[in-house]
Amino acid sequence: MKKIELEIVALSHSITQTHSYAVVLGEINGLRRLPIVIGGFEAQAIAVALERMQPSRPLTHDLMKNFMNAFNVELMEIVINDLQEGIFYSKLVCVSEHDTVEIDSRTSDALALAVRFGCPIFTYDNILESAGILMDDNNKSKKSEVLVEDTSAGPREDMSKMTLEELQHLLTEVLEHEDYLRAIAIRDEINKRK
């Protein structure tokens, strides 16, 4: 089967499931999108890596990358290789000096590692056909943008009504609690005003 390369085009709160997020993968040089529902911790791990944030302590996926690097194991690619009853299955293709090994992985964890290693993401046509969404030419952008929506602010605070000083204070507070998804949204609001 021919592999199709994908890239992360969006990361946002899941409309269909509460307390979940959706990562949207887009076909490179194509119009199909593959939405995958993931948990909050995995969404945070992906967002932190996409935004190149440096947490005060390594997250689980950073630890995994450090462990692999310490033993000279390189993540060459991830492959979303199966879809059963709405659940995506993936594998990590890892290479060491003497061997190539494929390791089963949850898709969300595989994506979090792919972002950290900068390795390609692949799937197969049958998966895109069964779970993908076809975008029209008008919705296709030249360059993909990653969108991280602030979903946790909700009624607690309306950032558009806050002063820059209040936003800076809130940013410091959420970083202390290691809530990186909210931190990204707050940082974006601060940058928008500057």
Side-chain angles (χ1 to χ4, degrees), residues 1-55 59 61-62 64-65 75-83 86-93 105-153 159 179-189 191-192:
M1 258 188 275
K2 181 181 175 234
K3 293 189 291 189
I4 298 167
E5 189 169 0
L6 304 169
E7 64 183 340
I8 297 174
V9 295
L11 179 63
S12 64
H13 192 264
S14 173
I15 299 167
T16 58
Q17 296 183 24
T18 56
H19 306 300
S20 293
Y21 292 79
V23 60
V24 181
L25 303 173
E27 179 181 26
I28 292 183
N29 300 320
L31 298 174
R32 294 180 290 183
R33 301 289 183 259
L34 187 64
I36 300 173
V37 175
I38 62 174
F41 291 118
E42 293 80 8
Q44 179 171 304
I46 292 169
V48 164
L50 287 172
E51 295 291 325
R52 293 177 174 77
M53 296 178 79
Q54 295 297 322
L59 301 176
H61 299 94
D62 299 316
M64 186 69 183
K65 181 181 184 221
L75 180 60
M76 296 307 293
E77 64 186 36
I78 71 159
V79 181
I80 301 168
N81 62 331
D82 200 4
L83 174 64
I87 298 172
F88 291 93
Y89 293 83
S90 296
K91 61 183 173 183
L92 308 172
V93 180
S105 173
R106 293 187 313 167
T107 300
S108 55
D109 291 328
L111 292 170
L113 286 171
V115 173
R116 282 164 173 75
F117 277 93
C119 74
I121 303 164
F122 292 102
T123 195
Y124 299 112
D125 194 57
N126 63 320
I127 293 173
L128 273 175
E129 284 298 316
S130 62
I133 299 167
L134 183 63
M135 305 296 288
D136 61 22
D137 282 326
N138 297 334
N139 290 337
K140 186 179 178 190
S141 60
K142 296 264 189 232
K143 185 172 189 252
S144 299
E145 292 182 18
V146 175
L147 166 69
V148 178
E149 296 178 358
D150 177 29
T151 56
S152 55
M159 290 191 297
D179 188 348
Y180 298 111
L181 286 175
R182 282 184 67 202
I184 291 167
I186 296 165
R187 185 209 56 204
D188 289 348
E189 178 67 25
N191 289 341
K192 190 169 35 172

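All residue numbers in this chain count up from 1 along the given sequence. Being a predicted model, the structure only gives us computed values, none of them experimental.
Shortest non-hydrogen contact noted between H61 and D109 is NE2-OD1, 2.9 Å. A45 and A112 make their closest contact through CB-CB, 4.2 Å (heavy atoms, listed as atom of the first residue, atom of the second, distance). The minimum heavy-atom distance between N126 and M1, with the atom names listed, is OD1-SD, 3.8 Å. The heavy-atom pair separating C119 from L75 by the smallest distance is CB-O, 3.5 Å. For the pair E5 and P120, the tightest heavy-atom approach, listed with the atom from each and the gap, is OE2-CB, 3.5 Å. When all heavy atoms of P55 and V48 are compared, the pair lying nearest together is CG-CG1, 3.8 Å.
Proximity of K2 to Y124: side-chain heavy atoms (C-beta onward) are nowhere separated by under 4.5 Å. Side-chain atoms of R116 and M64, non-hydrogen and from C-beta on, never get closer than 4.5 Å to each other. Side-chain contact between L113 and I78 is absent, with no heavy-atom pair separated by less than 4.5 Å.
F41 CZ: 12 or fewer foreign heavy atoms inside a 6.0 Å radius.
For the atom pair CG (D125) and CZ (R32), the distance works out to 4.5 Å, reported to the nearest 0.5 Å. Atom-to-atom distance recorded for I38:CD1 and I46:CD1 is 4.0 Å, nearest 0.5 angstrom. Expressed to the nearest 0.5 Å, how far CD1 of I8 lies from CG of L34 amounts to 11.5 Å. To the nearest 0.5 angstrom, I127 atom CD1 is 7.5 Å from F88 atom CZ. If you take CD1 on I36 and CG on L25, they are separated by 4.5 Å, rounding to the nearest 0.5 Å. Between I133 atom CD1 and R33 atom CZ the span is 9.5 Å, to the nearest 0.5 Å.
Although no hydrogens or angles enter the test, the distance criterion places a donor-acceptor pair under 3.5 Å between the side chain of T123 and the main chain of I80.
The salt bridge (Lys or Arg N to Asp or Glu O under 4.0 Å) pairs that include a residue from residues 38-48 are E42-R106, where partners are two or more places apart or lie in different chains.
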